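If you're wondering where the values come from, they're calculated on a predicted model, not measured in any experiment.
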Amino acid sequence: RNYAVIVDTKTLDRIEDKHRSLFDEIVVLDGEWDFSREWEVRNLSPWRRTVKIDVDILFTDNIDHWWDLLESRNILFTSIVENYKGKTITERFHRRQFDSNLLPDIYTAFYYFRDCVETADFFETVKSVSENWPWFSKNFLTLDTQTPRDDEIFAVAAKIYGISKCILPESEVPRIVHMKEILNDLPDEIP
């Protein structure tokens, strides 16, 4: 298996040999990471096929069988999330921007892409949306936000690019558990 991690320059200074032994590649990003730079993942990945996951994703089961579906696509985003009990999350308080603007329900915590022309086009669209967010937000969104999250940036780009090319409605793959307390009926603080 090939594992890579993308780190910013601050994090690079903290990497020790024990960390290096876990990865085949340690890719260094110039400057600091923020949501507006998520589009760079495609250019930074050393692989022809990439599953990008956030660092706080925990796998509790083997997902090798997901590759069959992933390999048939150029890009595929998580669009359905579950709570820790395995139930699909239907609460929408954290997705008002998506609902009011009919954006696809994209979660960038886990997504797949293959290196091809179509993917390059999609990520160029993401780059454009990201770099011109104030304009996109003002002209296309009902809830104008000056500081977008990567989910919102990618959702706007997917709407431009073609939603059906990026997500599979009601798909079992890829699904993740979203651990926001309120989405799991958990208290914000432990008593």
K.L.:
Give the cluster check for Trp39 versus Val41: same hydrophobic cluster or not, with ILVMFWY residues linked at side-chain heavy-atom distances below 4.5 Å.
P.N.:
yes

K.L.:
Between Asp115 and Arg42, does any side-chain N to carboxylate O distance fall below 4.0 Å?
P.N.:
yes

K.L.:
Any chance you could measure Arg49, atom CZ, to Thr119, atom OG1, to the nearest 0.5 Å?
P.N.:
12.5 Å

K.L.:
Do Tyr3 and Val55 share a hydrophobic cluster (ILVMFWY, side-chain heavy atoms under 4.5 Å, transitive)?
P.N.:
no

K.L.:
How far apart are the closest heavy atoms of Phe98 and Pro104, and which atoms are they?
P.N.:
CD2-O, 3.2 Å

K.L.:
For the OG atom of Ser130 and the CD atom of Glu40, what is their distance to the nearest 0.5 Å?
P.N.:
8.5 Å

K.L.:
Hey, can you tell me if His94 and Tyr107 have their rings parallel, tilted or perpendicular (30° and 60° cut-offs)?
P.N.:
tilted

K.L.:
Between Glu32 and Asp34, is there a donor-acceptor pair closer than 3.5 Å when you use the side chain of the first and the backbone of the second?
P.N.:
no

K.L.:
Enter the distance from Asp151:CG to Leu103:CG here, rounded to the nearest 0.5 Å.
P.N.:
10.5 Å

K.L.:
Any side-chain heavy atom of Phe113 sitting closer than 4.5 Å to one from Phe123?
P.N.:
yes

K.L.:
Would you call Arg92 and Asp105 a salt bridge, taking side-chain N to carboxylate O under 4.0 Å as the test?
P.N.:
yes

K.L.:
In Å and rounded to the nearest 0.5 Å, what is the CZ to CD1 distance from Arg95 to Ile89?
P.N.:
10.0 Å

K.L.:
Could you check whether the rings of Phe154 and Tyr111 sit parallel, tilted or perpendicular, using 30° and 60° as the cut-offs?
P.N.:
tilted

K.L.:
So, do Arg20 and Ile26 sit near enough that their side-chain heavy atoms are less than 4.5 Å apart?
P.N.:
yes

K.L.:
When you compare the side chain of Val129 with that of Phe140, does any pair of heavy atoms fall below 4.5 Å?
P.N.:
no

K.L.:
Got Trp133 and Ile153 here, is their nearest side-chain heavy-atom distance under 4.5 Å?
P.N.:
yes

K.L.:
If every non-hydrogen atom of Asn83 is compared with every non-hydrogen atom of Lys85, which pair is closest and at what distance?
P.N.:
OD1-N, 2.8 Å

K.L.:
Of the options Asp13, Thr9, Asp8, which is the one that meets Thr11 in a side-chain hydrogen bond (donor to acceptor under 3.5 Å, both in side chains)?
P.N.:
Asp8

K.L.:
Are any side-chain N or O atoms of Ser45 and backbone N or O atoms of Trp47, one a donor and one an acceptor, separated by less than 3.5 Å?
P.N.:
yes

K.L.:
Kindly work out whether a path of hydrophobic side-chain contacts (I/L/V/M/F/W/Y, heavy atoms less than 4.5 Å apart) joins Ile80 to Ile106.
P.N.:
no

K.L.:
With Tyr112, which residues qualify under ring-ring contact (aromatic ring centres under 6.0 Å, His included), at least two apart?
P.N.:
Trp67

K.L.:
Taking Lys159 for the side chain and Asn101 for the main chain, is one N or O donor matched with an acceptor at less than 3.5 Å?
P.N.:
yes

K.L.:
Do Val51 and Phe110 have side-chain heavy atoms sitting under 4.5 Å apart?
P.N.:
yes

K.L.:
Would you mind reporting whether Arg114 and Glu71 have side-chain heavy atoms less than 4.5 Å apart?
P.N.:
yes

K.L.:
Check this for me: Asp30, atom CG, are more than 12 non-hydrogen atoms of other residues, nucleotides or ligands nearer than 6.0 Å?
P.N.:
no

K.L.:
Would you compute the distance between atom CD1 of Ile160 and atom OG1 of Thr125 and round it to the nearest 0.5 angstrom?
P.N.:
6.5 Å

K.L.:
Would you indicate whether Arg96, at its atom CZ, is surrounded by more than 12 heavy atoms from other residues, nucleotides or ligands within a distance under 6.0 Å?
P.N.:
no

K.L.:
With a 4.5 Å limit on heavy-atom distance, are the side chains of Thr108 and Phe77 in contact?
P.N.:
yes

K.L.:
Provide the closest heavy-atom pair for Pro46 versus Val27 in the form atom of the first, atom of the second, distance.
P.N.:
CD-CG2, 4.3 Å

K.L.:
Just so I know, are the side chains of Gln97 and Leu141 near enough to count as touching, which here means a heavy-atom distance under 4.5 Å?
P.N.:
yes

K.L.:
When rounded to the nearest 0.5 angstrom, what distance separates CD in Glu152 from CZ in Phe35?
P.N.:
9.5 Å

